[in-house]
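Order of appearance sets the numbers: ligands from 1, and atoms from 1 within every ligand. Atom set for the values below is all heavy atoms of this structure, side chains included, hydrogens, waters and symmetry mates excluded. One is the number of the first residue; the rest follow in order along the sequence.
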Amino acid sequence: MNEIAEKPDILSLLPEELEAALAALGQPRFRAAQIFRWLGRGVRDFDEMTNLSKDLREKLKENFHLYAPKVLSKQVSAIDGTIKYLWELSDGNAVETVVMSYKHGNTVCVSSQVGCRQGCAFCASTIGGLVRNLRASEILDEVIFSELDSGKKISNIVLMGIGEPLDNFDNVMRFLELVNHPKGMNIGMRHISLSTCGIIEKFDELAARDLQLTLSVSLHAPDDETRSRIMPANHGRGVEKLIDACRVYYEKTGRRISFEYAMIDGVNDSPEQARKLAKHARAVAAHVNLIPLNHVEERQFQPSTPEHLKQFIAILEENGVNVTVRRRLGSDVDASCGQLRRKMQKQRGGQKPS
Ligand code: SAH
């Protein structure tokens, strides 16, 4: 996997680390606070940090990497105002970010990797495999630049874009610290959801961080046969172990887990599967979030019919499960993550942009 080998990445540093890095350059503490403020405002050119001396700005340029993501495309939904960005990163790779407006505020859906290695059969993000992890700063810039460009104050974050966040654990944890930092965007952990396909080996480490975020588990099937068919991550793990890991996580953190469940016609939407799902959800007091499947061109799967969806919900509710159906936002702008990047890859003949 390619990592970008460059100078230290200044935007990935926490304020205290920035202080230490500047002390090494013979700079007083307050300089770190000044620089952190510029960075938080989206300034990505040291020369625009006008309260720093020219000499210091030159030193910073010599010592640190700093880059502003460029808008490769921006689509605004005519139906609901959802905005979908495709950003170009410093090495020419591209990732997607979606800004959704709800009554209670604006939510940004960020990518955590360029591509994904998990291979879910219904997902567009994984088609070209994993290219590389995103840096903490690159994930942070998805939030900062979405807010700056859209003019919409971001109040909630979901890590539900391209990539598997728990496969990029350290950078994602650092991103969370940065975005939650009182001197930064100061977005509360209770306003952040992290979605995983079920990398249970990381659950303990995540629980140990004692964050107040919401863990969403992409379950998508309640039995091993179906789940292994559509989610390779189920191999060698299995539904039972996953549910056990969810229980342990819930007991340790006191935070309810949310199960994501994309309704796929004839695959995971039978009454029997609804009853099995209800059993799992009750066992760990999980909330179930049903997602109408977004059809992906390269995939053969279709969304469940409205009748099957209704029946499925009724069974879950009869069994005392707390269930919601996710509203489809931005359906006219390819807003299910991975689709836009995929389209661009195809247009460029499978090449990453240069
Ligand atoms: N890798 C993480 C987060 C990224 S995907 C995860 O697996 O959870 C965010 C959510 O969108 C996941 O629940 C994922 O399974 C779901 N998803 C992917 N492709 C989809 C599609 N075509 N239709 C509906 N949901 C999809």
Could you tell me which atoms of ligand 1, counted from 1 in the order shown, lie closer than 4.0 angstrom to a heavy atom of [X]?
X      : result
Phe122 : 15 (O), 17 (N), 18 (C), 19 (N), 20 (C), 21 (C), 22 (N)
Cys197 : 6 (C), 7 (O), 8 (O)
Cys123 : 18 (C), 19 (N)
Met160 : 4 (C), 5 (S), 9 (C)
His220 : 13 (O), 14 (C), 15 (O)
Val296 : 22 (N)

Where the closest heavy atom to [atom] is concerned, which of [options] has it?
atom                    : options                        : answer
atom 24 (C) of ligand 1 : Leu194, Val110, Asn294         : Asn294
atom 7 (O) of ligand 1  : Gly163, Ser218, Ser258, Pro165 : Ser218
atom 25 (N) of ligand 1 : Cys120, Ala262, Gly161         : Ala262
atom 10 (C) of ligand 1 : Ser193, Ala233, Ser195, Ser112 : Ser195

If we ignore angles and hydrogens, is there a donor and acceptor under 3.5 Å between the side chains of [X] and [Y]?
X      : Y      : result
Trp87  : Asp141 : no
Ser137 : Asp9   : yes
Glu164 : Ser112 : no

How are the rings of Phe46 and Phe64 set to each other: parallel, tilted or perpendicular (split at 30° and 60°)? tilted
Between Phe259 and His220, is the ring centroid distance below 6.0 Å? no
Results of ring pair (Phe, Tyr, Trp, His ring centres under 6.0 Å) for Phe312 - residues two or more places apart only: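 By the ring pair (Phe, Tyr, Trp, His ring centres under 6.0 Å) rule, Phe312 matches Tyr261.
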Supply the members, apart from Tyr250, of the Ile/Leu/Val/Met/Phe/Trp/Tyr cluster built from side-chain contacts under 4.5 Å; use none for a lone residue. none
Indicate, as side chain, backbone, both or neither, the part of Glu260 found under 4.0 angstrom from ligand 1 when only non-hydrogen atoms are considered. side chain
Is it the side chain, the backbone, both or neither of Ile162 that has a heavy atom closer than 4.0 Å to ligand 1? neither
Under a heavy-atom criterion of less than 4.0 Å, does Met231 contact ligand 1? no
Under 3.5 Å between some N or O of ligand 1 and some N or O of Glu164? yes
Say whether, by atom type as modelled, one donor and one acceptor occur between the side chain of Gln113 and the main chain of Arg132 under 3.5 angstrom. no
Are Glu17 and Arg174 ion-paired here, with the side-chain N under 4.0 Å from a carboxylate O?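 Salt bridge present between Glu17 and Arg174.
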